[in-house]
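Letters go in sequence order (proteins before strands), and every chain restarts at 1. The basis for the numbers below is simple: all heavy atoms, side chains too, and nothing from hydrogens, waters or symmetry mates. Source: prediction; values computed, not measured.
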Amino acid sequence: MYRTLVHVLREFRGPEEVLNVVLHDWDVMRTYLDTRSVLVSHQKTERPTIYGVQQLRTRTFQFIADLKSPVQLLATAEKTQSSTWRLRAAELLIDVLTGRQMPHDALAVLREIYRQGLHVPGYQQLKLVQALAKADSYEIANPMFANLRKALKDHHGQLETMIAETGLYLFAMQGNVRQTQSHFRQVRNAGGDMQKAVALLLHVHAVKGDSTAAVAVFDQYCTENPKRTTEQIKPSIVHYSSVIHAHAQRGDREGMNLWLQKLAAAGHTPDAYVYNVILKAFAEKGEIASMGSVIEQMRAAGIQPNVVAYTTALSALADRRDPVAAEALFREAVKDGIVPDRAMLNTLMNAHVRAGSWRGVINVFDYMIKQSRERNVPVSIVTYNTLLKAFVSIGAPFSTVFRLFHRLEEMQLRPDQYTFALVTQSACDGNVMDVAEKLYSAVKEMARSWEHGVSLTVYLATIVMAGHLKAGNKKRARGMYREMIELGIQPSSVTFSNIVKAYSNESGETNIEIAKQFIQELMIVDPENHNQDWMQNARGAGSALEEVYGPLLWAYAKAKKPGEVEALLQELFAKGGEPSLSNLTALLDVYRRTDNIEGVREVWPQIHKMALELSDLGDLFQDKSALPSENTTRPGTRRQANILAMPLSIYIDVLSSQGYHAEVSKVWQELRLAGFSFDSHNWNHLIVALVRAGEVARAFEVIERVIIPFRHALASIGVKQHRAEPSSPLLTDYEPDPDELSRPPTLWPTGAERRAARQRKVRRERVLVGIVEEKPQDFAHALHILRQVSPQWDQWRPHSTALQALADALEHLQRGNLVQPVRPPGATWRPPQTLQDVEERARKAQETLDQIYEESPSALEYAHRWIDWRKSHGEKLKKLGLSGR
DNA sequence: TTAGGGTTAG
């Protein structure tokens, strides 16, 4: 009867009337609705005949959740309803909202009823703490739990058990091992639910990546053997999956496989959670192809990838700095029926942040703000942290970042450890180390009590230490390192990498030797002290080794010491490291610097092959055509497949300087056909290579047809001031503005450009004095401005080495000479033999000049400007030695 | 489906 009544009321009177009737008949209704009632908690297992109870409960909750503003309703009721009514309403609303994972709405209800001088029972509040913890809102959940525990400390029985269980949940989710263990004992002693308790104890070790501890807990408390001790339980799939998670978290694939086998042997089939843990392990290692096959397996097993699986895959694409692939996958997810949530949108936004796609960042952010207004749910600190990261990467002045940081508090958003890390990073970048130290101390102080939900991590300590190293203050860096050890913070491979980098980058043999010695000491295995814990991370020991050895490898490469590079690589591989794009490129570079063409020819194919494997994203997509194609003339929208850019520049440079011009052209074509894209450095190297090949007209053409249009297209993307309210989080949903591409290319520095540059400078200064205040409501405003004053397109220009080569060639042609190709060692060049020869060459030189005038007028102007500039600055240039780019 | 998975910092 109630089921029918509730439906009819909802249909004809709306959700408010549903609530009214439920509260009016509360004495009866609570039997069906209250979680603590016998009917609800046992109906599933013991009273299957009254299954309608579950339906009534689900539907009623759903209808009540449809209320526009529960807080408003309670506020109005203050004048019209009794305190009993209001209290019941609050309890019910909190039940409904926590149950539907809307803890922040539930919190608003709690605050309102508290304002009215009424108090909700501890049960609902503890449930709310758990829901907040599940939503990662520890900064709210922790103080709330601390207060509740104090207020309820005299209660015994059920509530006491629930306090212990809530604490267990809260600390397990946060990875607080000590508190989790202590609450686990409390739950056990109070006779709480051991299935849940063991799962949470396993979970805390999983979060920490401590697989040894997880296995120990499993062995102690779980057994498939029916003869169990009183404290043992029969493990469920949840327990197995936590142990798998623990292994995944430290990048231990063998351990994962072993526990997958155990899970299967116990009669379980991997579910969505298990698959997602595996997926995450591959995502961390950047193994896109493996992720593709896991997703395929999921589908074959009848488990459709859900929003979590897609978010995991998106984060792998964000790590690759590939926002276009991320957008394509996001689109495929939506097509697949996924409803994107906050985490998924944050990940998409982060993909843009990592790639420096500022327009994409602002678009997703604006979309999320719009959504949050419509749904009346505030945007979380995670989103603001991601935006803050954009400010830090674009190089926003510290004053700007600091203002934004303070604004967060005004907006009642609590900064967390990520926020502090980002602001501290900005302080280090701005070389205000005393401020960085102060921020560090503030976090250290907060971390002393768990209530703040902020912990002092290896990230923050590494940021500050690296800041001191970059400022050249080794003494303070050492101090920070000592403090890490004293506080029991395990330094990571990144910490060590920064130390190695600092010494490797300094000139002088001693420093490089110190760096080498430092690594040797790190590698000494002492099982007693567990002193190699730094190697354990989700990306695996190989990646940790790579991070530590990397800076030294490059230092030896720059110092032209191929023997040292080779020896170090061998050592790295012997220790368990693997050939990577980065370490092979260091080897390629040292061979280039020492003119070792055989070495180059040996390494390049390995790099090429590796890049092909790494850049293959196809497996991730169901629809293989979902990825936008290459070779579009619009640089902002190309898939970022430029992982080969640096080794390619090195390779081209070697080949062309040794006279192997046909090979340059061959490799360029091959890579283009394979779908790789080239960056500005590649094109500039190609210009130099073409001049070395005697192909001067084609060298000019590269500037005319590639560099200038790219520069122009990228520059004009920043021109638009207007920010429309986005209807989609995807940039690719917007038609490109035809104006952006059709405007004729301009040269720098023409009058107009110079004016524009001046304006940018003025605007940048306005940013410095606090553009943040201009639109206080709009957090992304400063980024919107910065994006325009900090032009990423500036690298799309002819570099000085390219201009130098072109200018030389031009003058050579103008004197009537042909530009002779560089020849391979041993090949001979025949000088002109007769007068006819000379005339013929002069005629050809004139032809080339004509062709350049005809086809590349803008490029030619660049070269002329360079020649003029070189004449006036010739002496200075000689002194400077005309360094590289 | 009230125990487990995804988002942000070096």
Go through it in stages, so that I can follow the logic: the residues are A:Tyr138 and A:Asp136, the test is side chain to side chain donor-acceptor pair (under 3.5 Å), and I'd like the CA-CA distance, side-chain angles, deciding distance and then a yes or no. CA-CA 6 Å; A:Tyr138 307 116; A:Asp136 285 342; 2.8 Å; yes

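- One interatomic measurement links the two molecules: CG of A:Leu202 to P of B:dG4, which rounds to 12 Å at whole-angstrom precision.
- The side chain of A:Thr457 lies closest to B:dA9, out of B:dG5, B:dA9, B:dG4.
- When distances run from any side-chain atom of A:Thr347 to the nucleotides B:dG4, B:dT7, B:dG5, the shortest one goes to B:dT7.
- Comment: A:Arg253 engages A:Glu287 in a salt bridge, judged by a side-chain N to carboxylate O separation of less than 4.0 angstrom.
- No hydrogens or angles were tested; on distance alone, a donor-acceptor pair under 3.5 Å links the side chain of A:Asp341 to the base of B:dG6.
- Distance check on atom C1': B:dT7 versus B:dT2 gives 23 Å, rounded to whole Å.
- Scanning atom types as modelled, no donor and acceptor separated by under 3.5 angstrom connect the side chain of A:Ser242 and the base of B:dG4.
- As a whole-Å value, the separation of A:Phe218 CZ from B:dG4 P is 17 Å.
- Summarising the geometry, the separation between OH on A:Tyr221 and P on B:dA3 is reported as 20 Å, rounded to the nearest angstrom.
- The interatomic distance linking A:Gln195 (CD) with B:dT2 (P) rounds to 12 Å, in whole Å.
- Geometric assessment of A:Arg57 against the ring of A:Phe61 yields a positive cation-pi assignment under the 6.0 Å and 45° thresholds.
- Atom CG in A:Asn498 sits roughly 14 Å away from atom C1' in B:dA9 (whole-Å rounding).
- Note that CG of A:Leu200 is 11.5 Å distant from NE2 of A:His205, once rounded to the nearest 0.5 Å.
- The nucleotide whose nearest atom lies closest to any side-chain atom of A:Leu200 is, among B:dG5, B:dG6, B:dA3, B:dA3.
- Applying the 3.5 Å distance criterion, the base of B:dG4 shares a donor-acceptor pair with the side chain of A:Ser241.
- Remark: C1' of B:dT8 and OH of A:Tyr418 are 6 Å apart, rounded to the nearest angstrom.
- Scanning atom types as modelled, no donor and acceptor separated by under 3.5 angstrom connect the side chain of A:Asn306 and the base of B:dG6.
- Picking from B:dG6, B:dG4, B:dT7 the nucleotide with the shortest atom distance to the side chain of A:Tyr273 gives B:dG4.
- Put simply, CG on A:Asn350 is 5 Å from P on B:dT8, counting in whole angstrom units.
- Distance from the side chain of A:Met344 is smallest for B:dG6 among the nucleotides B:dG4, B:dG6, B:dA3.
- If you take CZ of A:Arg539 and C1' of B:dA9, they are 13 Å apart, rounded to a whole angstrom.
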